[in-house]
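Contents: one structure, followed by commentary.
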Amino acid sequence: MIPVVSRSEWRARERRREHLFQIVSALVVLLAITTLVVLLTKILLEGYARLNPQFFTSFPSRRAEQAGILPALVGSAYLLLLTAAIAIPIGVGAAIYLEEFAKHNWFTRLIEINITNLAGVPSVIYGLLGLQVFVRTLAMDRSLLAGACTMALLALPVIITAAREGLRVVPKSLRDGSLALGATQWQTVRHTVLPVAVPSVLTGVILSLSRVVGETAPLLVVGAVVYIGTLPESVFSKFTVLPVQVYNWTTRPQHAFQENAAGGIIVLLALLLTLNAVAIYMRNHFQKRLPI
Amino acid sequence: MKPRFGWLIVSCAAAALLTACGKQEGAQADNATAALSGKITIDGSSTVLPISEALAEEFQKKYPQVQVTVGKSGTGGGFKKFANGEIDITGASRPIREDEDALCQKNGIQYIEIPIAYDAMAVVVNPQNNWCDSLTVAELKKIWEPAAQGKIKNWSQVRAGFPNEPLVLFGAGTDSGTFDYFTAAIVGKEKASRGDYTGSEDDDILVQGVARTRGALGYFGLAYYENNQDKLKLVGVDNGNGPVKASRESVLDGTYQPLARPLFLYVNLRALERSEVAAFVQFALTEAGKLSDEVGYIGLPRQVYDLVKQRVEKRIPGSVFGAHGSQVGVKLEDLYKVEEASEKSAQ
């Protein structure tokens, strides 16, 4: 028999449950934040002493105090720009095609499924692909260009998906209006749809690029070096990046190298936070300027 | 309603700035006096990496026009690239194996083997420990194998006659080459270890831990024991031929086994024809002893480097280990002397 409870009793019970759930949620959030704070504090305490100009302007060294992140920082910056130059046009172009031009048939659906699946492929697989296709078959050698091409592949699924989302939320009435005025489909996309979609497209692009900045595994496979005494001179130069440098330092037994690694992590974190801040800023900035 | 692409301009400016920085760096190198130029690509073992990196760093100071890069693909990965002719030099924490040698031959790649240093591990206990002077490899395995986790917790369990004293373990962190090597040499399988011990990449922490705990047992690079001899007690390792304590002598004469191994550089013979690579190899054979000691390994005796220098000058290819992989209890010096003698008699 179902026990009969009065309405007020039932409400009180539900309120207790709700209260309990709030406490549990708060605890979970607290746990996550505490972990983050502990990690950040540890890294900051360990690494802040290394953050002097010398650290940013020196090459790696076997003497931890003299070692710096210059080639790694420059390498990361080059890699980011090169990856963006390759991935953004292709990614946004693919999204525009799929969303605005392609007919919806089994073939485009197949492409869509593949793109979604690719977004979930472990990054080291992209590294192996890059090693075979770019480094060996296309003979790019273990160069910045090969690394950027590999990273572009890694970033593409996310960029395409984000860009399509951005294009999809543009109201159909805008397109119809433009087409009704006699604009061609390309003119509609170029002058009506894209400007409206730019904030969300850019957000997706920047978030996927910040993933590129933090990646280590595929670059190790493609052949980022762990010691280099010169800066990259061209896209065919050998290179190293911040995460690889940090990874190398963490495996060294001497404590001083761990401090260097912590310093590198702080720089990497600052870089990532800056990129994400730029993404947020741009989203807000462009959104305000829209006519709708 | 047109979005401003100011960010594009900013990123272009950043790119230009970076390029400018790169050029400036190149210009500085131009001013320095150096006859040699070119590129040397080194890859291979993560254990050899600190030595290769130190060599590259010093070499680069001497010849700023030469670009030396060092990768970290592991011994096996390094040999694979080496056999494909993708790199000039590869670092290895064991001699080349038969299959790797065959791959080199198939691709027409001849190499010179250069022993560069010794990697040795010390097994240590607390100085107050008066019961344990040596441990057999089997006892070490009993302590460190994965099955020991949560079970072997007292010295009395290690050997009958050891006192009832809690066993507190300190060892290399799981990311280090030391960990890989210790587990392979003692447990018999790389990375197979119990997990309930204090593991750290930082040898200072391990030294402090063992120095403060009466029932402690730990392992780390021999160089760290040498730097902290007053705080630690060295334990002999018995590989079936009686206990041997780790020291430069026992490591170099091959009696301290299995916790010592030679480290090598393999140089592509065709790359050696390039003057910058030849200069690097000469530089390595002159400086490796000093630099190895500095980064925590054991440099080889002068004679070994000299013997190898002669082999390099004569361009004698191949491995003195006959491409059979690791060999236990071999004195490097003898191996290279024997090779020398057989070369002479052949002439």
Side-chain angles (χ1 to χ4, degrees), chain A residues 59-63 66-67 70-71 73-74 77-78 80-82 84-85 135-136 141-142 191-192 194-196 198-199 202 206 220-221 223-234 237-240 244 247-248 250-258 261 278 281-282 285-286 289-291, chain B residues 1-4 7 11-12 14-15 18-19 21-26 29 39 41-43 46 49-61 64 66-73 81 84 86-87 172-173 175-178 200-206 220-221 223-224 291 294-296:
Chain A
F59 286 92
S61 166
R62 68 178 181 287
R63 300 196 184 91
Q66 292 174 14
L70 179 66
L73 196 58
V74 174
Y78 273 131
L80 181 68
L81 293 176
L82 210 51
V135 175
R136 299 206 169 127
D141 208 13
R142 289 156 205 286
H191 296 287
T192 309
L194 257 189
V196 180
V198 152
L202 275 185
I206 294 176
L220 279 176
V221 176
V225 294
V226 294
Y227 172 85
I228 186 162
T230 52
L231 293 177
E233 283 156 2
S234 75
S237 296
K238 299 211 169 258
F239 70 104
T240 190
V244 170
Y247 162 70
N248 181 28
T250 53
T251 58
R252 302 295 278 268
Q254 293 87 349
H255 186 72
F257 279 112
Q258 306 297 321
V278 168
Y281 169 78
M282 279 201 304
H285 180 73
F286 283 119
R289 297 159 46 85
L290 290 179
Chain B
M1 71 179 267
K2 229 181 188 178
R4 273 191 322 204
W7 63 280
S11 52
C12 286
L18 288 167
T19 320
C21 289
K23 283 206 180 107
Q24 206 176 28
E25 202 61 35
K39 284 175 185 167
T41 46
I42 307 175
D43 208 319
S46 56
L49 179 77
I51 305 177
S52 325
E53 195 187 72
L55 284 169
E57 188 189 349
E58 290 304 312
F59 187 76
Q60 196 106 56
K61 273 185 200 156
V66 182
Q67 190 198 66
V68 190
T69 55
V70 187
K72 186 183 191 176
S73 308
K81 289 181 186 170
N84 272 336
E86 292 172 24
I87 50 178
D175 280 339
S176 67
T178 312
S200 176
E201 311 299 339
D202 183 0
D203 290 276
D204 284 336
I205 289 177
L206 303 178
F220 39 73
Y224 298 95
L291 292 176
E294 202 177 306
V295 296

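Letters go in sequence order (proteins before strands), and every chain restarts at 1. Quantities reported herein were computed from a predicted structural model and do not represent experimental measurements.
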Completion exercise
To the nearest 0.5 Å, atom CD of A/Glu233 lies from atom CD of B/Gln67 at 6.5 Å

Exercise for the section: Please state whether the side chain, the backbone, both or neither of B/Phe220 comes within less than 4.5 Å of a heavy atom of chain A. Expected result: neither

Completion exercise
side chain to side chain contact (heavy atoms under 4.5 Å, CB included) filter on A/Val221, not counting sequence neighbours, yields A/Val124, A/Leu128, A/Leu131

Problem - A/Arg62: salt bridge (charged side-chain N to carboxylate O under 4.0 Å, His left out) partners, not counting sequence neighbours - result: B/Glu57, B/Glu58, B/Glu294

Exercise for the section: Enter the distance from A/Arg142:CZ to B/Thr69:OG1 here, rounded to the nearest 0.5 Å. Expected result: 10.0 Å

Problem - B/Ser46, part contacting chain A, at a heavy-atom distance under 4.5 Å - result: neither

Completion exercise
Turns out that what part of A/Asn248 lies under 4.5 Å from chain B's heavy atoms comes down to both

Completion exercise
Of all heavy-atom pairs linking B/Leu49 and A/Val226, the shortest is CD1-CG2, 3.4 Å

Exercise for the section: With the side chain counted from C-beta on, respond yes when B/Lys72 and A/Tyr247 share a heavy-atom pair under 4.5 Å apart, and no when they do not. Expected result: yes

Problem - Engaged part of B/Asn84 at the chain A interface, taking heavy atoms whose separation is under 4.5 Å - result: side chain

Practice task
Sort B/Lys39 into side chain, backbone, both or neither according to what part of it lies under 4.5 angstrom from a heavy atom of chain A.
Solution key: neither

Exercise for the section: Answer with side chain, backbone, both or neither: which region of B/Leu291 has an atom nearer than 4.5 Å to a non-hydrogen atom of chain A? Expected result: side chain

Problem - Contact leader toward chain B among A/Asp141, A/Val225, A/Leu80, where contacts are heavy-atom pairs under 4.5 Å - result: A/Val225

